[in-house]
> 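Structure below; questions to follow.
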Amino acid sequence: MARLPKLALALLLAGSLAASLAWWLDEERRFVQALTPASKEIALGSTLDLARVYPEPWQRLYIFPPYSGIATMETAMKINANRALKAAHLEERDDIALFVFVERREIQLVAAVRRGIMEIELNGDFLVRDRAHAQFKKTQKPGSVAWVAQP
């Protein structure tokens, strides 16, 4: 008899975890769908404000380059990694940058942004911007377009 409640609890927890991850993936998809046309339609020399692309509540944006490890991200944000951050497997990938939106020390959104959508010029291990300064200028670099963080 005791096994049935344990099994029911395990199934409930598994369903809850799956629903939580599905919500993260859906939120990520909506952000990338909004970012893609915004980044492609903006003219060279113009500035893109990510607070307009992702209008949900957030205070800080962290952008991590390919191959960034979980420990590096946790140290930078001073937050423990959540399932969505771990599921991105950034430490194994070279085709994405990871955009992590944080509100009050809680991760609000983790979005894997492919190189062809928006390539941020990073001078260092990662980039952090507060909401008021999450603006990027579209510039022409030899052979590609790069997005440069504005002061």
Side-chain angles (χ1 to χ4, degrees), residues 9-10 12-42 44-141 143-151:
L9 181 61
L12 181 64
L13 286 174
S16 176
L17 290 174
S20 176
L21 189 55
W23 179 86
W24 277 98
L25 293 174
D26 191 44
E27 189 76 5
E28 175 190 27
R29 183 182 50 78
R30 282 194 300 270
F31 169 73
V32 173
Q33 283 178 341
L35 180 62
T36 302
S39 67
K40 295 199 181 302
E41 294 168 4
I42 195 166
L44 282 174
S46 297
T47 301
L48 178 64
D49 185 353
L50 288 184
R52 289 179 181 221
V53 176
Y54 185 62
E56 301 300 321
W58 58 275
Q59 295 170 321
R60 288 207 176 291
L61 166 64
Y62 295 85
I63 301 175
F64 295 99
Y67 300 120
S68 295
I70 293 292
T72 300
M73 292 185 275
E74 287 179 328
T75 300
M77 297 185 297
K78 298 176 180 72
I79 301 172
N80 290 331
N82 64 7
R83 286 185 299 278
L85 194 64
K86 291 175 183 176
H89 296 286
L90 184 61
E91 69 278 3
E92 301 169 3
R93 299 187 63 181
D94 69 353
D95 62 330
I96 62 169
L98 209 58
F99 287 49
V100 183
F101 295 86
V102 176
E103 171 80 10
R104 293 191 184 105
R105 299 184 46 82
E106 286 190 31
I107 296 172
Q108 301 301 308
L109 175 67
V110 175
V113 177
R114 294 194 182 280
R115 284 189 173 167
I117 296 173
M118 187 174 184
E119 289 194 46
I120 304 291
E121 186 174 88
L122 298 171
N123 297 326
D125 294 335
F126 64 92
L127 180 71
V128 60
R129 286 284 187 250
D130 62 31
R131 187 181 184 99
H133 297 98
Q135 299 168 354
F136 299 87
K137 187 174 187 178
K138 189 175 189 177
T139 61
Q140 184 69 49
K141 298 286 182 180
S144 70
V145 172
W147 293 83
V148 179
Q150 298 303 288

> Of all the heavy-atom pairs spanning A97 and I63, show the shortest one and how long it is.
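Of all heavy-atom pairs spanning A97 and I63, the closest is CB-CG2, 4.2 Å.
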> How long is the span from the CG atom in L35 to the NZ atom in K40, to the nearest 0.5 Å?
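Output value for this atom pair is 9.0 Å.
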> Do the non-hydrogen side-chain atoms of W147 and I42 ever get within less than 4.5 Å of each other?
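Side chain of W147 against side chain of I42, heavy atoms only: contact under 4.5 Å found.
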> Could you go step by step and tell me if D95 and R115 meet the salt bridge (Lys or Arg N to Asp or Glu O under 4.0 Å) rule?
CA-CA 6 Å; D95 62 330; R115 284 189 173 167; over 6 Å; no
> So F126 and M77, do their side chains get closer than 4.5 Å, heavy atoms only?
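Not in contact.
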> Nearest 0.5 Å please: distance from the CG atom of D130 over to the CH2 atom of W58.
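D130 CG to W58 CH2: 8.0 Å, rounded to 0.5 Å.
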> Between F99 and F101, what is the ring plane arrangement, given parallel below 30°, perpendicular above 60°, and tilted in between?
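Ring orientation, 0 to 90° scale: tilted.
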> Looking at side-chain heavy atoms only, is the closest gap between T72 and E74 below 4.5 Å?
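With C-beta onward as the side chain, the pair stays apart.
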> Identify the heavy atoms of S39 and I117 that sit nearest to each other, and give their distance.
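Reported closest heavy-atom pair: OG-O, 2.8 Å.
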> Using 0.5 Å steps for rounding, measure from the CD atom of E41 to the CG atom of L48.
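Answer rounded to 0.5 Å: 11.0 Å.
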> Looking at every heavy atom in both E27 and L109, which two are closest together, and how far apart are they?
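Nearest pair, atom of E27 first, then L109: CG-CD1, 3.5 Å.
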> Determine, stepwise, if the pair V102 / Q59 fulfils side chain to side chain contact (heavy atoms under 4.5 Å, CB included).
CA-CA 6 Å; V102 176; Q59 295 170 321; 6.0 Å; no
> Tell me the closest heavy-atom pair linking D49 and R131, and the distance in Å.
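That closest heavy-atom pairing would be OD1-O, 4.5 Å.
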> Quick check: closest heavy atoms across P65 and D125, and the distance to 0.1 Å?
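Nearest heavy atoms, P65 then D125: CD-O, 2.6 Å.
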> Going through the checks in order, is the side chain to side chain contact (heavy atoms under 4.5 Å, CB included) test met by R129 and L50?
CA-CA 10 Å; R129 286 284 187 250; L50 288 184; over 6 Å; no
> Can you tell me how far apart NZ (K78) and CE (M73) are? Round to the nearest 0.5 Å.
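Those atoms lie 15.5 Å apart.
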> Give the C-alpha distance, both sets of side-chain angles, the deciding distance and a yes or no for side chain to side chain contact (heavy atoms under 4.5 Å, CB included) between K86 and I70.
CA-CA 7 Å; K86 291 175 183 176; I70 293 292; 4.0 Å; yes
> Side chains of R60 and V128: does their closest heavy-atom pair fall under 4.5 Å?
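Yes, at least one pair of side-chain atoms sits under 4.5 Å.
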> Starting at CG of L61, measure out to CG of L127 and round the result to the nearest 0.5 Å.
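Here the interatomic distance stands at 7.0 Å.
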> Assess whether atom CD of E106 is packed by more than 12 heavy atoms of other residues, nucleotides or ligands within 6.0 Å.
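It does not: E106 CD has 12 such atoms or fewer within range.
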> Do the non-hydrogen side-chain atoms of E121 and T139 ever get within less than 4.5 Å of each other?
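No. Closest side-chain heavy atoms not under 4.5 Å.
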> Going from CG on L98 to CD on E91, what distance comes out if it is rounded to the nearest 0.5 angstrom?
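So the CG of L98 and the CD of E91 are separated by 10.0 Å.
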> Could you check R52 against Q135 for side chain to side chain contact (heavy atoms under 4.5 Å, CB included), going step by step and ending with a plain yes or no?
CA-CA 10 Å; R52 289 179 181 221; Q135 299 168 354; over 6 Å; no
> Closest approach of Y54 and Q108, non-hydrogen atoms and distance?
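Closest approach of Y54 to Q108: OH-O, 4.0 Å.
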